[in-house]
Amino acid sequence: MTRAVALIDGNSFYCSCERVFDPKLDRVPVVVLSNNDGCAIARTSEAKALGIKMGTPYFQIREMCRSQGVRVFSSNYTLYGDMSRRTNEVYRGFAPRVEIYSIDESFLDLSDVREGERVELARDLRATVRAWTGIPTCVGIGPTKTLAKLANHIAKSVPELGGVCDLTDDAASAYWLCRVHVGEVWGIGRASLAKLEAMGVDSVADLRDLDPRPVRKAMTVVGERLIYELRGLPCLPFEALPATRKGCAVTRSFSSRITDRARLEEAVSAHCTRLGEKLRREGLGTDHVTVFYHTSEHDRGEPMRSISTTVRLPEASNDTLTLIKAARHGVARTWLDQRDPPWRYSKAGVITVDLVPLAMSQRALIGQLDRERSGPLMAAMDACNARFGRGAVVPARAGLVAKRDWSTKFEMRSPRYTTQVGELPVAVA
DNA sequence: TCTGGGGTCCTAGGACCC
DNA sequence: TCTGGGGTCCTAGGACCC
């Protein structure tokens, strides 16, 4: 039995999530914005047709959106995350192993499905996901992940295929790889594309047929693997079990510039609060916190100032109060008294790497008392926030996040239809 | 004039992804 | 006025060790 893997993803996923709960959005251009309503990160086909590109700053297209009737939304990650969970539940009914690759993409192991039945299964899967969650999808099938990704791209861009493309079929593979540009291959970015074009590569087939050795020289082992994957030799394993994360970061741009230390400390403390939540949810801890803050590269005429400092903790922890204390120390020891005109900081964040399962890192005795207090306190805080919504209980130093003038903008966010009782959609019968 | 060799660990930076 | 956030992997080069 040959290996076969499918990649299924939601079409314009964030936009589709908005459409599920508002039928008036059907056939209308829809755009979803990044944090702070900064730039466009999801567009329906109607919005793409208007020339709205991925990553376009919103202020550049605001007028056009208004005049063209584009419906614009702030990101609603609570909603999108829940819809993602629902689609994956459907996938699990169709394949013995599912690898969740991103919020809107999953690999399915179809190795046990007979060759002639894969496309039919994929069509059934699409129809079921659509019926049960409302999300439209496309499916690409291939002998390797790279070919499945490519098949998915083809399924999306060639409407006649009905949303499914199967590259485990040799004839289909031979046909399509000559007709797709190499820049569409998963893992080929700007830098690699320039190198490949210099080598005379144009189509995916050109890359597939290249001698792997010089490619390894130019593009490291990553480029070499790509060639084998395109030839149908799997180099990227199927990973049904989610790997434990290696790092964790919480970073945000401010909705307006910050010039005073108290505000910065407040923001950094709020980020630490979130960081602690993420670490505790996964039972991980860290023995250091890196704090950074910087001015904006878009503020022309102002000199750029960028600060980053790492504060060690006496032992690994995921206690919010410990993280806040460390991060504030990081600010304190790097803060420069304001000059005239003042530095206008645009973004700050807290970062940790080398996360450890907390049970493993507990060195006996030292800090034991603090830990005994911190565990129940953090657990109580997490429980309150789970019940009453994030931010219901926060350390005083993190400030009342939602009320701060620097906090993230979400001026056009839709209701969290599926996760907040108070925001359920209302049906009038 | 000649100036070991190999291994590990760490970090910074590049590249890419969604 | 207004330009996202959060990850992963790989390599080169330095420090250090025997």
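Below, read A as the first sequence line, B as the second, and so on, with proteins coming before strands; counting in each chain starts at 1. Quantities reported herein were computed from a predicted structural model and do not represent experimental measurements.
Taking atom CG on A:Asp354 and atom P on C:dG7, their separation rounds to 14 Å, with Å as the unit. What separates CD1 of A:Ile41 from C1' of C:dG6 is a distance of 12 Å, to the nearest Å. Between A:His294 atom NE2 and C:dG4 atom P the separation is 10 Å, expressed in whole Å. As a whole-Å value, the separation of A:Arg216 CZ from C:dC10 C1' is 11 Å. Counting to the nearest Å, the P atom of C:dC10 and the CD atom of A:Glu224 are 12 Å from each other. Nucleotide C:dC2 holds its P atom 17 Å from the CZ atom of A:Arg66, rounded to whole Å. When rounded to the nearest whole Å, the span between CG of A:Asn36 and P of C:dT3 equals 7 Å. To the nearest angstrom, P of B:dC18 lies 13 Å from NZ of A:Lys145.
When heavy atoms are screened at a 4.0 angstrom cut-off, A:Ser75 is found touching no nucleic acid atom at all. If you check every strand for non-hydrogen atoms under 4.0 Å, A:Lys246 touches sugar and phosphate atoms only. If you check every strand for non-hydrogen atoms under 4.0 Å, A:Ile188 touches sugar and phosphate atoms only. Nucleic acid contact for A:Lys195: none, since no nucleic acid atom lies under 4.0 Å from a heavy atom of the residue. If you check every strand for non-hydrogen atoms under 4.0 Å, A:Gln60 touches nothing. Residue contacts for A:Gly247: at a heavy-atom cut-off of 4.0 Å it reaches the sugar-phosphate backbone alone, with no base atom in range. Contacts of A:Asp37 with the nucleic acid, taken as non-hydrogen atoms under 4.0 Å apart, are absent. Base contact: A:Arg62 has a heavy atom under 4.0 Å from a base atom. No contact: A:Val32 has no heavy atom under 4.0 Å from any strand.
Pairing for C:dG5 goes to B:dC18, judged as Watson-Crick or G-U wobble with the two contacts each under 3.5 Å.
With hydrogens and angles ignored, the 3.5 Å screen pairs no side-chain donor or acceptor of A:Thr133 with any backbone N or O of A:Arg130. Of the possible donor and acceptor atoms, none in the side chain of A:Glu105 sits under 3.5 Å from a partner among the backbone N and O of A:Asp9.
A:Tyr80 pairs with exactly one of A:Tyr14, A:Phe73, A:Tyr417 by the ring pair (Phe, Tyr, Trp, His ring centres under 6.0 Å) rule, that one being A:Tyr14. Tested against A:Cys248 for a side chain to side chain contact (heavy atoms under 4.5 Å, CB included), the candidates A:Asn318, A:Val353, A:Thr352 yield a single pass: A:Thr352.
One finds the OG atom of A:Ser106 at 8.0 Å from the CG atom of A:Leu7 (value rounded to the nearest 0.5 Å).
Rounded to whole Å, the separation between the P atoms of C:dT3 and B:dC17 comes to 25 Å.
Closest contact between the side chain of A:Lys347 and the listed nucleotides C:dT3, C:dG5, B:dC17 involves C:dG5.
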